[in-house]
Amino acid sequence: MYSNAYVWSRVLSYLEQNSPAAAGLTYFDDTDVLELNEEKLVIYTPSSFRKDVILNRYRDMIEEAMRDQFQTEITLEVLDDEDLPQYKFNQRKRAFVQFNSQYTFETFVVGSSNKHAFSAAEAVAEERTTAYNPLYLYGQSGLGKTHLLYAIANRVQQKHPDYNIVYIKGDQFINEFLEAVRSGKNFEFRDKYRNADLFLVDDIQFVTGKESIQEEFFNTFNTLYENHRQIVLTSDRVPSDMLILEDRLRTRFEWGLIVDIQPPDYETRWAITKNKAQSLGMELPDDVCDYIAENITNNVRQIEGTVKKIKAYHDLSNMPLDITNVSRAIKDMFKGKASTVPTPELIISEVSRFYSIDETVLRSTQKTRNTAEARQVSMYLIRKMTNLSLPDIAKVFGKNHTTVLHAIRRIDEEIRNTTNGLQDNIREITANINSRL
């Protein structure tokens with residue numbers, strides 16, 4: 001699969017070699033490839049004059065170049081500034097996202113731990129204020145941040161069906177950016193995000209580390225903010241605790257309203273249990289709701305998982321919904337998060353993402369400075385955060401245990417040097433790992 005940039009460079013090279021008037025290629029100086037598929041090649045030039053010239057003089061030759069260079073039959077389309085808005089509108093319609101209809105403000109259980117976040121999110125969705133831009137919601141995993149993002153999206157979509165609503169997770173933004181750079185689709189990437197009417201980013205804490213990624217997000221944020229487009233961000237921590245975040249981004253995250261979501265209190269846990277059961281067509285007795293609310297205390301997601309498990313047991317075995325049967329069915333749900341240990345795969349995944357290195361490269365013998373540090377940090381964190389022995393860690397990387405020991409000692413020495421930033425990197429990666437548990 002060739003990148004758009006590569007295909008277009010080959011086409012231009014073909015034109016240069018076969019066109020009787022090579023000087024005419026100056027008409028292509030400001031062209032960009034918008035779309036390339038099995039049926040058509042869509043290019044853009046700001047000038048209507050150049051559009052006409054390309055279509056009248058070069059259409060046949062460009063289509064011939066695609067046949068000659070790539071053995072494919074395509075139709076050429078050329079757009080100018082007048083055509084671009086309609087093209088973008090059609091692209092948005094094709095990329096329409098149907099947000100989960102279960103996640104609405106009406107289905108969100110409001111309690112003392114989340115009422116301020118709920119009110120702020122609803123105010124943004126109803127456009128009652130312009131002061132909450134960005135709206136920054138933070139709290140532990142599983143407390144309802146994503147539910148509120150979807151609730152905003154669903155409400156805005158009802159009010160403004162034509163709006164371009166973009167939702168993305170922080171790590172997905174990174175992956176798409178790196179792929180856009182690799183495939184030469186920077187134009188499409190920027191067009192997707194910088195033309196959003198509503199921009200929703202889940203787990204923004206992952207947009208840290210590599211300078212180029214923060215630079216791209218900074219420019220995206222600025223473009224949307226200056227165009228008065230609403231931005232909503234969620235994270236597991238406040239901006240000041242994102243140690244590797246550039247100051248200019250941290251400042252912008254703090255421009256609007258920052259609201260935390262705390263773990264639900266007993267009353268909220270009870271109401272969530274009751275509501276979730278009813279949404280699944282199941283009526284739980286009050287004493288069973290009491291039992292769940294008293295024992296499942298970590299987060300909303302765990303409560304919902306517990307109720308779903310009860311529903312499954314009830315459906316499969318026609319289990320009576322009494323305390324005895326329910327407690328037996330969900331006894332394994334009482335394990336606290338503190339007992340959770342990350343896997344080596346999770347640690348390697350987070351380190352790879354932080355350093356923008358493919359996992360296969362990190363596990364290989366490649367020895368660039370960036371790769372070597374990432375590999376040693378992985379070994380160090382696996383040793384610190386899991387129960388694996390040195391030989392076990394060595395097997396993960398295809399090394400011997402003395403290499404692992406050397407890596408751990410080197411990282412230990414490096415983090416004592418508080419001026420090199422490695423200590424902050426490791427803290428950031430550790431926080432990201434813990435947020436995945």
Check the surroundings of atom NZ in Lys159: do more than 12 heavy atoms from other residues, nucleotides or ligands lie under 6.0 Å from it? yes

For Glu82, look at atom CD and say whether over 12 heavy atoms of other residues, nucleotides or ligands are found less than 6.0 Å away. no

Separation of [Y] [atom2] from [X] [atom1] (nearest 0.5 Å):
X      : Y      : atom1 : atom2 : value
Leu245 : Thr251 : CG    : OG1   : 9.0 Å
Asp290 : Glu294 : CG    : CD    : 6.0 Å
Arg194 : Phe199 : CZ    : CZ    : 10.0 Å
Leu143 : Asp236 : CG    : CG    : 10.5 Å
Lys399 : Arg363 : NZ    : CZ    : 12.0 Å
Leu390 : Leu388 : CG    : CG    : 10.0 Å

Residues [X] and [Y]: side-chain donor-acceptor under 3.5 angstrom:
X      : Y      : answer
Tyr87  : Glu35  : yes
Asp202 : Tyr167 : yes
Asp81  : Tyr44  : yes

Shortest non-hydrogen separation from [X] to [Y] and the atoms involved:
X      : Y      : result
Pro344 : Val396 : CB-CG2, 4.4 Å
Leu148 : Ile261 : CD1-CD1, 4.0 Å
Val300 : Ile272 : CG2-CD1, 3.7 Å
Gln205 : Thr234 : OE1-O, 4.1 Å
Pro264 : Ser113 : CA-OG, 3.4 Å
Phe206 : Gly170 : CB-C, 4.2 Å

Taking only residues two or more places apart in sequence or in another chain, which ones pass side chain to side chain contact (heavy atoms under 4.5 Å, CB included) with [X]?
X      : value
Ser389 : Pro391, Asp392
Glu188 : Asn4, Lys185
Ser9   : Tyr6
Val377 : Val351, Tyr355, Glu373, Leu381, Ile411, Leu422, Ile426, Ile429

Decide yes or no for [X] and [Y]: does some side-chain heavy atom of the first lie under 4.5 Å from some side-chain heavy atom of the second?
X      : Y      : result
Phe28  : Val11  : no
Phe177 : Ile174 : no
Met385 : Ile347 : yes
Leu198 : Ile152 : yes
Phe397 : Ile348 : yes
Ile258 : Pro239 : yes
His228 : Thr130 : no
Ile43  : Leu79  : no

Looking only at atom types and distance, does a side-chain atom of [X] sit under 3.5 Å from a main-chain N or O of [Y], one as donor and one as acceptor?
X      : Y      : answer
Asn154 : Thr104 : no
Asp197 : Arg229 : no
Glu63  : Leu76  : yes
Asn219 : Glu215 : yes
Lys145 : Tyr138 : no
Asp287 : Asp322 : no
Thr107 : Gln102 : yes
Asn164 : Asn195 : yes

So that I know where these two stand, are Phe221 and Tyr193 an aromatic pair - ring centroids less than 6.0 Å apart?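 Ring centres of Tyr193 and Phe221 not closer than 6.0 Å.
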
Mind running side chain to side chain contact (heavy atoms under 4.5 Å, CB included) on Val232 and Leu149 for me, showing each step along the way? CA-CA 8 Å; Val232 185; Leu149 281 188; 3.4 Å; yes

Is the closest basic N to carboxylate O distance between [X] and [Y] below 4.0 Å?
X      : Y      : result
Lys192 : Glu176 : yes
Glu246 : Arg248 : yes
Arg301 : Glu304 : no
Glu106 : Arg155 : yes
Arg50  : Asp80  : no

Suppose we screen for salt bridge (charged side-chain N to carboxylate O under 4.0 Å, His left out). Which residues come up paired with [X], at least two apart in sequence or across chains?
X      : result
Glu127 : none
Glu428 : Arg237
Asp315 : Lys311

What salt bridge (charged side-chain N to carboxylate O under 4.0 Å, His left out) pairs are there with at least one residue in residues 251-265, not counting sequence neighbours? none

Applying ring-ring contact (aromatic ring centres under 6.0 Å, His included), name anything that partners Tyr132, two or more places apart in sequence or on another chain. none

Only counting residues at least two apart or in another chain, list the ones meeting ring-ring contact (aromatic ring centres under 6.0 Å, His included) with Tyr103. His147, Tyr150

Side chain to side chain contact (heavy atoms under 4.5 Å, CB included) between Ile292 and Cys289, worked out: CA-CA 5 Å; Ile292 295 172; Cys289 292; 5.9 Å; no

Kindly list each side-chain donor-acceptor pair under 3.5 angstrom involving residues 116-125, sequence neighbours excluded, with atom names and distances?
residue : atom : partner : partner atom : Å
Ser119  : OG   : Lys115  : O            : 3.0

By the side-chain hydrogen bond (donor to acceptor under 3.5 Å, both in side chains) test, which pairs, at least two apart or in different chains, include something from residues 374-384?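 Checked against side-chain hydrogen bond (donor to acceptor under 3.5 Å, both in side chains) - neighbours excluded - the pairs reaching residues 374-384 are Gln376-Arg410.
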
Would you call the rings of Trp255 and Tyr225 parallel, tilted or perpendicular, taking 30° and 60° as the class edges?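 If you compare the ring of Trp255 with that of Tyr225, the planes turn out tilted.
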
